[in-house]
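Everything on this sheet refers to the single structure shown next.
Note that the coordinates shown come from a computational prediction; the quantities given were computed from them, not determined experimentally. Residue numbers count from 1 along this sequence.
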Amino acid sequence: MFFRYQGTAFDRHFLPRLTTKEVAAMPKDDVLLILPVGAVEQHGPHMPVFTDTLIGEAMLAEAFEHLPEDSPIWLLPSVSYGKSTEHIGHPGTITLSAKTLMAVLEDIAASLARSGFRKLLLFNTHGGNAELLGMMAREIRIATGLEVYRLDPGAVGYSDLFIDDEEKACGIHAGDVETSLVMAVCPDWVDAELAPREMPRFPDSRSFSFRSRSFAWVMDDISRSGIAGDATKATAERGEAMLKKAGPLLAEALMGIAKFEMDSLKNG
């Protein structure tokens, strides 16, 4: 089970545990700060509204267990609220507007820059944040001079071996993957007896597809239950296996970002 504020990530690499003098004295040239950005939104009848933020913190906690003890990678507190406007009208959903989330990210980044940091990673675990964070990474780069990186944990392929093709295509919200992960992390937060199965009929053609974001949708357009996927297949054992696979893959990605220098992109 995942315990917040325990483990390597929170014991040794959680920036807010330091005093202001310790932060001031820290050599910052090689430091990568990770800002998890999640959501508080409906995840069907069986899952907590804190799912996205919880999964992000649990994945990072696992990743930090695979980092060298002296790695210059530090964790910031999560931005728990995201842009969840596609879930408006579902009880428990707490959403920020795009403008509000943009302003929050700008203010956090400006504060980090004033403290002397150089590198910031936006670690996203909510699909509704993705396009906004991609845009804001560049805006923050321009406004603050920080090197800004983006990472969605799904990009490392931690779930590929554990789910079938239908889930890969349609399981975008509260299905097998997310339900299994929460079962592994906080089993008492999931009511498996209420877990539904609902697969949206997404179009898929060269000119018009869900994956290429050819159309805008809200959750009520694609689902009656509030989920997209098959939560009935979820197990805590599969969730634990996914976390164990994600940990070293994410650690490798984090180390690669920490070592990367923007100046290396230019020839000469």
So Ile222 and His173, do their side chains get closer than 4.5 Å, heavy atoms only? no
Crowded around Glu69 CD? As in, over 12 foreign heavy atoms under 6.0 Å? no
Drop me the distance from Arg141's CZ to Tyr149's OH, to the nearest 0.5 angstrom. 7.5 Å
Under 4.0 Å between a Lys/Arg side-chain N and an Asp/Glu carboxylate O for Glu106 and Lys99? no
Shortest non-hydrogen contact from Ala246 to Met59? CB-CE, 4.4 Å
Let me check something: do Ile94 and Val49 share a hydrophobic cluster, defined by ILVMFWY side-chain heavy atoms less than 4.5 Å apart, either directly or through other members? yes
Is there a path of hydrophobic side-chain contacts, each under 4.5 Å between heavy atoms, that joins Val177 and Leu54? yes
Hey, could you give me the CG/CG distance between Leu120 and Leu32, rounded to the nearest 0.5 Å? 8.0 Å
Regarding Glu178 and Thr51, is there a side-chain donor-to-acceptor distance under 3.5 Å anywhere? no
Side-chain contact, heavy-atom cut-off 4.5 Å: Arg118 with Val31? no
Nearest-0.5 Å distance that lies between atom CZ in Phe10 and atom CG in Leu75: 5.5 Å
Side chain Arg150, main chain Ala130, donor-acceptor under 3.5 Å: yes
Ser159 to Met242 - nearest heavy-atom pair and separation: CB-SD, 3.6 Å
When you compare the side chains of Thr93 and Gln42, does any donor N or O come within less than 3.5 Å of an acceptor on the partner? no
Measuring from Asp191:CG to Thr179:OG1, what's the distance to the nearest 0.5 Å? 11.5 Å
Shortest non-hydrogen contact from Tyr81 toward Leu96: O-CD1, 3.7 Å
With a 3.5 Å distance limit and no angle check, can you tell me whether Arg238 reaches the backbone of Ile163 through a side-chain donor-acceptor pair? no
As a quick check of understanding, evaluate side chain to side chain contact (heavy atoms under 4.5 Å, CB included) for Val148 and Arg138, giving each step before the final call. CA-CA 7 Å; Val148 189; Arg138 179 169 289 152; over 6 Å; no
Between Arg197 and Glu166, does any side-chain N to carboxylate O distance fall below 4.0 Å? yes
So, do Trp217 and Pro200 sit near enough that their side-chain heavy atoms are less than 4.5 Å apart? no
For Asp52, does its backbone N or O pair with a side-chain atom of Thr125 as donor and acceptor, under 3.5 Å? yes
Nearest non-hydrogen partners of Tyr5 and Arg17, listed with the distance: O-NH1, 4.3 Å
Once side chain to side chain donor-acceptor pair (under 3.5 Å) is applied, what residue pairs with a partner in residues 23-39 remain, sequence neighbours excluded? none
Is there a path of hydrophobic side-chain contacts, each under 4.5 Å between heavy atoms of I/L/V/M/F/W/Y residues, joining Ile227 to Val218? no
Check whether Glu167 reaches the backbone of Asp230 with its side chain - one donor and one acceptor, N or O, closer than 3.5 Å. yes
Show the nearest heavy-atom pair for residues Gly38 and His126, with the distance to one decimal. O-CB, 4.0 Å
Does Val79 reach the side chain of Leu101, with side-chain heavy atoms less than 4.5 Å apart? yes
If you define the side chain from C-beta out and look only at heavy atoms, does anything of Leu132 sit under 4.5 Å from Leu105? yes
Please report the C-alpha distance between Lys119 and Leu121 in whole Å, then the side-chain angles of each, then the deciding distance to 0.1 Å, and finally whether the side chain to side chain contact (heavy atoms under 4.5 Å, CB included) criterion is met. CA-CA 7 Å; Lys119 289 187 174 185; Leu121 170 65; over 6 Å; no
Near Lys168 NZ, under 6.0 Å, is it more than 12 heavy atoms from other residues, nucleotides or ligands? yes
How many angstroms lie between CD1 in Ile34 and NE2 in His13, if you round to the nearest 0.5 Å? 10.0 Å
Note: Leu250 and Leu151 closest approach over all heavy atoms is CD2-CD2, 4.0 Å
Taking Leu133 as the starting point, is it possible to reach Ile142 by hopping between hydrophobic residues whose side chains are less than 4.5 Å apart? no
Can you check whether Met102 reaches Glu139 side chain to side chain, under 4.5 Å on heavy atoms? no
Determine whether Phe260 and Ile140 fall in the same hydrophobic cluster, where Ile, Leu, Val, Met, Phe, Trp and Tyr are linked whenever their side-chain heavy atoms lie under 4.5 Å apart. yes
Output the distance between atom CZ (Phe162) and atom OG1 (Thr235), rounded to the nearest 0.5 Å. 10.0 Å
Crowded around Glu261 CD? As in, over 12 foreign heavy atoms under 6.0 Å? yes
Evaluate the side chain to side chain contact (heavy atoms under 4.5 Å, CB included) criterion for residues His43 and Val182: first the C-alpha distance (whole Å), next the side-chain angles of each, then the deciding distance (0.1 Å), finally the verdict. CA-CA 11 Å; His43 272 72; Val182 177; over 6 Å; no
Working for side chain to side chain contact (heavy atoms under 4.5 Å, CB included), residues Thr144 and Leu112: CA-CA 9 Å; Thr144 67; Leu112 298 173; over 6 Å; no
Side chain to side chain, Thr95 and Glu86, heavy atoms closer than 4.5 Å: no
Residue pair Val23 / Phe117, side-chain heavy-atom distance below 4.5 Å: yes
